[in-house]
Amino acid sequence: MSELESEYRLDYFAENGFERQTCSSCGARFWSRTERETCGEPPCEDYGFIDDPGFENAYSLVEMREEFLSFFEEHDHERVPPAPVAANRWRDDVLLTQASIYDFQPHVTSGQSPPPANPLVVSQPCIRMQDIDNVGKTGRHTMAFEMGGHHAFNADEGTDYAYEGEVYWKDQCVEYCEQFFASMGVPREEITFIEDPWVGGGNAGPAFEVIYKGLELATLVFMMLEQDPDGEYEMKDGNTYSEMDRRVVDTGYGIERWTWMSQGTPTVYEAIYPESIEYLKGEAGIDLTEEEADLVHRASKLAGHMDIDEAEDMEAARDTIADRLDVPVSRLEELMEPLEAIYAIADHARCLAYMFGDEIVPSNVGTGYLARMVLRRTKRLVDDVGIDVPLEDLVDREADRLGYENRETIRDIVRTEERKYQETLERGGRKVRQLADEHAQAGTPIPTEKLLELYDSHGIQPSMVADIAEERGAEVNEPDDFYSLVAARHDSEEALEAEHEEADRADELPDTEQLYYEDQDRMEFEAVVLDVLEREEGYDVALDQTMFYPKGGGQPADHGTLVSEDGSVEVTDVQMRDGVILHRTEESPGKGEFVTGQIDAERRRRLMAHHTATHIVGAAARRVLGEHVRQAGAQKGVDSSRLDVNHYDRVSREEVKEIERVANEMVTDNTPIRQEWPGRHEAEAEHGFDLYQGGIPPGENIRLIHVGDDVQACGGTHVSRTGDVGAIKILNTEPVQDGVERFVFAAGEAAVEATQRTEDALYEAAETFDVNPQEVPDAAERFFIEWKERGKTIEDLTEQLAAARAGGGENAEEVDIDGTTAVIQRIDADADELQATANALVDDGKVAVVGSGIDESAQIVVGVPEGVDVDAGEVIGVLARKVGGGGGGPPDFAQGGGPDVGALDEALAEAPDVLREQLE
RNA sequence: GGGCUCAUAGCUCAGUGGUAGAGUGCCUCCUUUGCAAGGAGGAUGCCCGGGGUUCGAAUCCCCGUGAGUCCA
């Protein structure tokens with residue numbers, strides 16, 4: 001096993017008098033120009049820059065970013081624009097951008113694609129959700145931040161990567177870093193480089209944490225190893241790694257920390273959000289006396305000197321701090337808590353501006369869910385400190401500051417989300433108040449189970465339950481491990497079906513030549529059958545070339561026939577497998593045969609029209625609903641297709657009509673549809689990551705489809721002009737999940753057919769109503785109202801009829817039961833009528849036993865007036881058994897029945913006896 | 001993508017298999033006319049849709065639809 005140690009012995013260090021040293025406190029290895037006792041990082045050493053800035057000049061965040069970028073620009077790096085914070089736009093393994101190197105993963109770091117420049121420098125907005133609890137409290141964590149990175153991509157000579165040669169490596173990187181520190185006026189002797197091997201995502205390498213005055217200001221990572229079971233390096237994750245033939249310089253400079261260092265404020269927030277904090281303090285009505293301000297300042301400074309990595313550390317530290325300042329902890333908390341909230345609000349507002357500025361749409365899934373969480377948390381903080389400003393204003397301030405152009409949409413999204421949350425809170429509040437009242441009355445505490453349900457199913461925080469419970473005088477038991485109990489509710493074992501592909505002869509075959517991109521209107525071709533694989537159902541035929549489009553990108557496979565001299569076989573499915581296209585047939589065309597392939601042209605035309613229409617509908621929706629609209633999924637079909645897009649609200653009927661209008665306008669424009677195969681990075685540079693709406697294709701070159709102004713990476717087949725789509729009819733919109741709206745539409749002939757189906761339904765309804773189709777809505781309404789009125793009339797009449805019957809109808813048998821009159825009657829009517837009749841008899845002071853024998857079942861109702869000692873429930877039980885069923889009800893009114901209609905009369909005849917028995 | 005909760009009068013919600021309810025709002029009348037006042041009476045319901053179980057379903061089961069929420 002080799003050690004990484006030698007990798008840290010840089011020539012640069014040797015030439016400049018650095019010594020490798022060991023921290024006497026934590027044992028870490030580090031490099032420095034002077035001899036030092038410790039590594040310089042807390043807890044081994046305190047912050048040395050609070051109230052004593054470490055740079056010559058103070059910088060704002062914007063100035064610091066510019067300082068960083070221009071320094072490296074002047075030192076041969078090319079400045080590149082940052083990527084969105086929504087990293088899932090260009091890679092599917094993460095949700096949010098957490099580092100500048102994310103911009104170049106996976107294709108550049110893997111060597112598949114060239115970087116936009118080499119070397120380059122970027123300041124990348126990042127979001128780390130894992131720090132959400134620490135923000136505001138620790139004084140040093142932010143969820144939203146900018147990572148400055150200077151990157152170089154190196155590869156050995158003779159490799160076939162998208163870049164080649166040595167740009168710069170460790171020595172040069174450390175030198176740049178030191179020079180940048182020096183340009184800030186930092187004495188080089190005060191910097192330490194701590195050895196800290198880096199591992200992540202299958203790669204690894206040596207790395208330095210760069211520490212100055214106790215603060216880690218940069219990390220220099222040298223990615224040079226890849227995971228390899230036979231590798232010679234064993235890293236801290238327990239895996240073995242071997243050297244690669246390419247090397248990536250990955251650095252990260254926390255722009256916020258550099259700004260903080262330059263100002264020496266007690267917390268990082270005061271350095272990076274001074275205006276926001278002043279504004280928020282004003283809105284919250286926080287106005288500290290000089291003495292209080294001084295106390296807060298000294299407390300923050302003390303906290304700065306302590307090793308606080310988590311919010312809990314801060315809570316633990318508070319006692320010590322209060323003690324040292326000689327004030328009660330409660331007083332310190334009273335002063336600090338509102339400030340902590342304000343710091344967090346400033347950070348969260350920036351985080352939301354990043355998210356919505358980069359067009360994340362709130363949702364119950366993915367990045368949208370994260371955005372919702374942050375927004376709701378912000379709302380709670382704002383309410384807690386009593387800031388009476390709409391969230392949209394707070395987020396907009398940041399969006400403005402960050403220079404986003406879609407500010408109106410951002411406002412719209414935030415307003416919609418805040419309203420939704422408000423509604424959730426109100427709904428929840430009512431629920432909790434009711435629950436609290438019940439428990440206050442019963443004198444029992446609200447059980448944990450209820451708390452879990454309120455949170456998990458209704459989104460109500462336990463703290464909110466506690467507040468309301470206190471108001472209502474109920475107790476709450478909130479367990480410490482509340483959130484792990486929530487997690488436990490969710491841990492149902494999900495059987496992950498690993499789809500492992502079996503080794504197959506098809507893997508050995510050469511890639512099939514794809515003819516379908518060459519001329520998308522051609523439907524016939526010739527080919528040689530390379531192999532025929534027998535499957536459980538039918539055969540998979542591999543050809544040397546094909547025009548059959550395999551299933552993919554939401555477009556179903558082509559159908560058709562393969563014709564050889566011996567006959568023809570039907571192609572029912574086509575799949576691509578590692579570049580080999582397999583045609584599913586019922587019979588074998590014979591290996592080695594020459595065949596003529598014939599595509600089912602009608603099917604293909606319809607699919608192409610729908611595929612192009614999908615792009616058009618997407619573009620139209622984008623134009624009507626906003627720039628944030630992008631594809632979240634799509635499925636093309638022969639009769640209709642669907643397109644799912646991100647949007648933060650339901651789509652109204654008016655908007656649908658407008659989208660349909662715009663879409664058809666694009667059809668009428670009859671613009672040609674272009675395809676091209678540019679390099680990935682060129683395509684991204686020109687069109688941005690919105691290219692990847694239908695998924696992220698592999699490979700160095702990607703296929704772009706231009707439909708009007710809309711450009712997408714797409715592997716599907718398209719018509720040649722928008723006019724060929726014919727017509728587009730949006731059939732329906734439905735929400736597939738929160739923040740995602742589905743458009744179901746039809747194109748071309750299918751659109752006409754769909755319209756005809758709808759018309760048929762209308763005509764049929766019109767015929768039934770015997771009116772013109774235009775009059776159907778009015779007629780339907782009229783009939784519905786009339787129908788309801790008739791229902792009421794029938795009810796009235798039923799009661800009148802019942803009253804009349806009670807006066808002595810036919811079939812009525814009156815018997816005397818111990819001084820009370822009982823009426824036994826068979827009326828063969830529905831349940832409502834039976835009940836009404838029984839009621840009417842009871843109102844006359846008579847015991848009622850009424851039966852009915854329609855509809856395959858016998859029904860009996862027994863009513864007993866007040867003061868008569870007969871249990872109707874018992875009576876019905878006996879009588880209903882006689883008709884083979886059962887029954888029950890309260891003592892004064894019971895009903896029952898059974899399937900044996902024939903036995904009804906017999907049962908009624910026995911009723912007097914049953915009643916008498918009951919009396920005894 | 002998965003889990004959970006919910007759907008009943010215009011609104012907010014009760015209703016655990018047996019005659020659909022309350023508060024509020026609405027209408028009429030009375031009292032008072034000084035503010036969201038008091039009193040009396042009244043009208044309001046495809047109990048989300050479709051199947052099933054049952055003598056009987058708002059209620060139990062299944063499938064939809066819609067809303068909410070938590071987790072990855």
Side-chain angles (χ1 to χ4, degrees), chain A residues 94-95 129 363-370 372-373 376 420-421 423-431 433-435 438 449-462 482-497 632-633 650 732 734-738 740 783-785 787-792 795 798-799 802 830-840 842-843 848 850-863 872-873 876-877 879-901 903-904 907:
Chain A
V94 290
L95 293 176
M129 291 292 295
S363 163
N364 62 338
V365 296
T367 51
Y369 180 65
L370 300 179
R372 172 168 288 171
M373 286 299 92
R376 293 187 169 194
K420 282 188 189 173
Y421 190 45
E423 281 163 13
T424 295
L425 289 181
E426 277 165 25
R427 210 176 8 250
R430 281 195 297 266
K431 238 183 171 62
R433 271 191 293 279
Q434 202 175 333
L435 186 74
E438 279 169 30
E449 187 50 40
K450 277 286 170 197
L451 284 182
L452 285 171
E453 189 190 309
L454 284 169
Y455 178 70
D456 203 19
S457 303
H458 304 289
I460 305 163
Q461 309 283 336
F482 182 78
Y483 290 95
S484 53
L485 289 175
V486 174
R489 276 168 79 97
H490 288 274
D491 94 304
S492 54
E493 287 146 77
E494 281 160 53
L496 285 173
E497 272 181 56
R650 290 302 310 266
N732 189 26
E734 50 184 328
V736 276
Q737 54 188 221
D738 216 3
V740 179
F783 286 143
F784 186 62
I785 288 170
W787 172 78
K788 285 203 286 192
E789 275 165 4
R790 281 189 189 195
K792 270 175 269 181
E795 216 171 292
T798 307
E799 269 172 46
D830 67 17
D832 285 343
E833 222 175 309
L834 284 184
Q835 285 170 2
T837 305
N839 274 332
V842 170
D843 286 343
V850 285
S852 163
I854 52 172
D855 284 348
E856 310 286 311
S857 86
Q859 297 272 320
I860 306 170
V861 174
V862 177
I876 199 69
L879 294 179
R881 261 198 300 284
K882 293 185 192 302
V883 289
D892 61 333
F893 197 91
Q895 37 199 314
D900 190 357
V901 182
L904 178 61

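Proteins get letters first, then strands, A, B, ... in listed order; numbering begins at 1 in each.
For the pair A:Q859 and A:G888, both in contact range of RNA chain B, the more 5′-proximal nearest nucleotide belongs to A:G888. Place A:G898 and A:R430 on RNA chain B by their nearest nucleotides, and A:R430 ends up nearer the 5' end.
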Passes side-chain contact (heavy atoms from CB on, under 4.5 Å), A:H458 versus A:R427? Steps please.
CA-CA 9 Å; A:H458 304 289; A:R427 210 176 8 250; over 6 Å; no
Does the side-chain contact (heavy atoms from CB on, under 4.5 Å) test come out yes or no for A:T424 and A:R376, once each step is laid out?
CA-CA 11 Å; A:T424 295; A:R376 293 187 169 194; 4.2 Å; yes
All N/O contacts under 3.5 Å from nucleotides 60-62 of chain B to the protein, with atom names and distances to one decimal?
none

Distances under 3.5 Å between protein N/O atoms and the N/O atoms of nucleotides 19-28 of chain B, please, pair by pair.
residue : atom : partner : partner atom : Å
B:U19   : O4'  : A:Q835  : OE1          : 3.4
B:U19   : O2   : A:N839  : ND2          : 2.6
B:U19   : N3   : A:N839  : OD1          : 3.2

What's touching nucleotides 8-10 of chain B from the protein side, N or O pairs under 3.5 Å?
none

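The distance from the CD atom of A:Q859 to the CG atom of A:D830 is 9.0 Å, given to the nearest 0.5 Å. A distance of 10.0 Å separates CD in A:Q434 from CZ in A:R430, rounded to the nearest 0.5 Å. The OG1 atom of A:T837 lies 10.5 Å from the CG atom of A:D832; values are rounded to the nearest 0.5 Å. Note that CZ of A:F783 and NZ of A:K788 are 15.5 Å apart. Values are rounded to the nearest 0.5 Å.
Separating the CG atom of A:L95 from the P atom of B:G1 is a distance of 15 Å, rounded to the nearest angstrom. Rounded to an integer number of Å, the gap from A:L435 CG to B:C13 C1' is 15 Å. The distance from atom CG of A:L879 to atom C1' of B:G56 is 16 Å, rounded to the nearest whole Å. A:E795 places its CD atom 11 Å from the P atom of B:A43, with the value rounded to the nearest Å. As a whole-Å value, the separation of A:F784 CZ from B:G49 C1' is 13 Å. Here the P atom of nucleotide B:A72 and the CG atom of A:L370 are 9 Å apart, to the nearest Å. Rounded to a whole Å, the NZ atom of A:K788 is 14 Å from the C1' atom of B:C47. Summarising the geometry, the separation between CZ on A:R790 and P on B:C46 is reported as 18 Å, rounded to the nearest angstrom.
Here A:E833 pairs with A:R805 under the salt bridge (charged side-chain N to carboxylate O under 4.0 Å, His left out) rule; sequence neighbours left out. Residues passing the side chain to side chain contact (heavy atoms under 4.5 Å, CB included) test with A:D843, sequence neighbours excluded: none. Residues that satisfy the side chain to side chain donor-acceptor pair (under 3.5 Å) test with A:Y455, not counting sequence neighbours, are absent from this structure. In this structure, the salt bridge (charged side-chain N to carboxylate O under 4.0 Å, His left out) partners of A:E449, at least two apart in sequence or on a different chain, are A:R489. A:K420 is linked by a salt bridge (charged side-chain N to carboxylate O under 4.0 Å, His left out) to A:D738, counting only residues two or more places apart in sequence or in another chain. With sequence neighbours left out, A:E734 forms a salt bridge (charged side-chain N to carboxylate O under 4.0 Å, His left out) with no residue at all.
Separating the C1' atom of B:C6 from that of B:U12 is a span of 14 Å, rounded to the nearest Å. Rounded to a whole angstrom, the distance from the C1' atom of B:C55 to that of B:G2 is 41 Å. Nucleotides B:A43 and B:G66 are separated by 29 Å at their C1' atoms, to the nearest Å. On the C1' atoms, B:C26 is 26 Å away from B:U19, given to the nearest whole Å. With both ends at atom C1', the span from B:C61 to B:G21 equals 26 Å, rounded to whole Å. If you take atom C1' in B:G15 and the same atom in B:C70, they sit 28 Å apart, rounded to whole Å. Atom P of B:G39 sits at a distance of 30 Å from the matching atom of B:A20, rounded to the whole Å. Rounded to the nearest Å, the gap between the P atom of B:C60 and that of B:C4 is 16 Å.
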Whether each nucleotide of nucleotides 64-70 of chain B has a protein heavy atom under 4.0 Å at its base (B), only at its sugar-phosphate (S) or at neither (-) is summarised, 5' to 3', as --SSBBB
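When the shell of 6.0 Å around CZ of A:R650 is examined, it contains more than 12 heavy atoms from other residues, nucleotides or ligands.
For RNA chain B, the stems formed by at least three consecutive Watson-Crick or G-U pairs, with both atom-pair distances below 3.5 Å, span B:1-7 with B:65-71, B:10-13 with B:21-24, B:26-30 with B:38-42, B:48-52 with B:60-64.
Residue contacts for A:K792: at a heavy-atom cut-off of 4.0 Å it reaches the sugar-phosphate backbone alone, with no base atom in range. Among the heavy atoms of the strands, none lies under 4.0 Å from A:G863.
In this structure, A:L452 and A:V486 have side chains that are in contact, with non-hydrogen atoms separated by less than 4.5 Å. Proximity of A:L454 to A:L435: side-chain heavy atoms (C-beta onward) are separated by under 4.5 Å at one or more points. Side-chain atoms of A:L834 and A:Q895, non-hydrogen and from C-beta on, never get closer than 4.5 Å to each other.
For the pair A:A858 and A:L904, the tightest heavy-atom approach, listed with the atom from each and the gap, is CB-CD1, 4.1 Å.
For residues 882-891 of chain A, every residue pair satisfying the salt bridge (charged side-chain N to carboxylate O under 4.0 Å, His left out) rule, not counting sequence neighbours, is listed here: A:K882-A:E910.
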